[in-house]
Every structure is written in C-alpha cells, then in structure tokens.
Amino acid sequence: MKKKIFNLKGFRCPDTMLFLRNKLRSIKTGEVILIISDDITIHKEIIFLCNFSNYILVKYKNYKIPYYYTIKKIKS
C-alpha cells in the first residue's frame, strides 16, 4: 500500500492541525500517512490526535527539523 504524504512545512499552529484534520477526513481505514512538518508544536498535537481519534502513531523522527510522523487509521 502506498503511503500518503502530507507536507505541512511552513504551516504554524493552529493552521497545522486545521489543515491536517481536514485532510484526514478522506483517509480510509488501514491507510498509512506520512506527515512532514517544521512546526515545533506538532509533536504534542500528533500525540493528542492519536490518543483521542482513530489513529495510531506508527513511528516518528522529531530530533531535527523537519519532523516526520507516520500514523495509521485504525477504524472509521
């Protein structure tokens, strides 16, 4: 399965999450998404998204900019 890539470089909070949540509405169960961002607040927001939505954080790299997050939709 091909990963969808959401390049959010240049977006700053709250625009980062507003754009991301809008895009995630079209994701089907089981799809994997790679999120690329340079927003320093994204880590906390991605964790919050995964804890309270139907996504799991598969892996991430946040020790240098840009940050990379791979999430997967687990149910509709």
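Bear in mind the structure is a predicted one, so any value in this text is a computation, not a measurement.
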My understanding is that a hydrophobic cluster links ILVMFWY residues whose side chain heavy atoms are under 4.5 Å apart, including indirect links. Using that, what else belongs to the cluster containing Y63? none

Does this structure show an ion pair linking E31 with K72, if we count only N-O contacts that are shorter than 4.0 Å? no

Looking at every heavy atom in both C50 and I56, which two are closest together, and how far apart are they? SG-C, 3.9 Å

Quick one: CZ on R12 to CD1 on I40, what's the gap to the nearest 0.5 Å? 8.0 Å

Looking at L8 and F19, what are the two nearest heavy atoms and their distance? CD2-CD2, 3.0 Å

Are any side-chain N or O atoms of N62 and backbone N or O atoms of H43, one a donor and one an acceptor, separated by less than 3.5 Å? no

With clusters defined by side-chain heavy atoms of hydrophobic residues (ILVMFWY) lying less than 4.5 Å apart, directly or transitively, does I27 cluster with Y68? no

Do the charged groups of K9 and D39 touch, with an N to O distance under 4.0 Å? no

Between M17 and L49, the two heavy atoms sitting closest are CE-CB, 4.3 Å

If you count heavy atoms of other groups shown closer than 6.0 angstrom to NZ of K61, is the number above 12? yes

Applying a strict under-4.5 Å side-chain criterion to I, L, V, M, F, W and Y, I'd like to know whether F6 and L34 cluster together. no

Which heavy atom in I74 sits nearest to a heavy atom in T29, and how many Å separate them? O-CG2, 3.5 Å

Side-chain heavy atoms of V32 within contact of K73, under 4.5 Å: no

What about F48 and Y67, same hydrophobic cluster or not, with Ile/Leu/Val/Met/Phe/Trp/Tyr joined at side-chain heavy-atom distances under 4.5 Å? no

Please assess E45 against T16 for the test side chain to side chain contact (heavy atoms under 4.5 Å, CB included), listing each intermediate value before the final yes or no. CA-CA 9 Å; E45 297 294 333; T16 306; over 6 Å; no

Hydrophobic clusters here meaning ILVMFWY residues chained together by side-chain heavy-atom distances under 4.5 Å, can you tell me if F11 and I42 are in one? yes

Heavy-atom closest pair, residues T41 and C13: OG1-CB, 3.4 Å

Can you check whether I35 reaches L20 side chain to side chain, under 4.5 Å on heavy atoms? yes

Trace of the side chain to side chain contact (heavy atoms under 4.5 Å, CB included) decision for L18 with N22: CA-CA 6 Å; L18 292 172; N22 196 21; over 6 Å; no

What I'd like to find out is whether the side chain of L57 reaches to under 4.5 Å of the side chain of T70, using heavy atoms alone. no

Hey, what do you get for CD1 (I36) to CD1 (I65), rounding to the nearest 0.5 Å? 13.5 Å

Side chain of Y55, backbone of I46: donor and acceptor closer than 3.5 Å? no

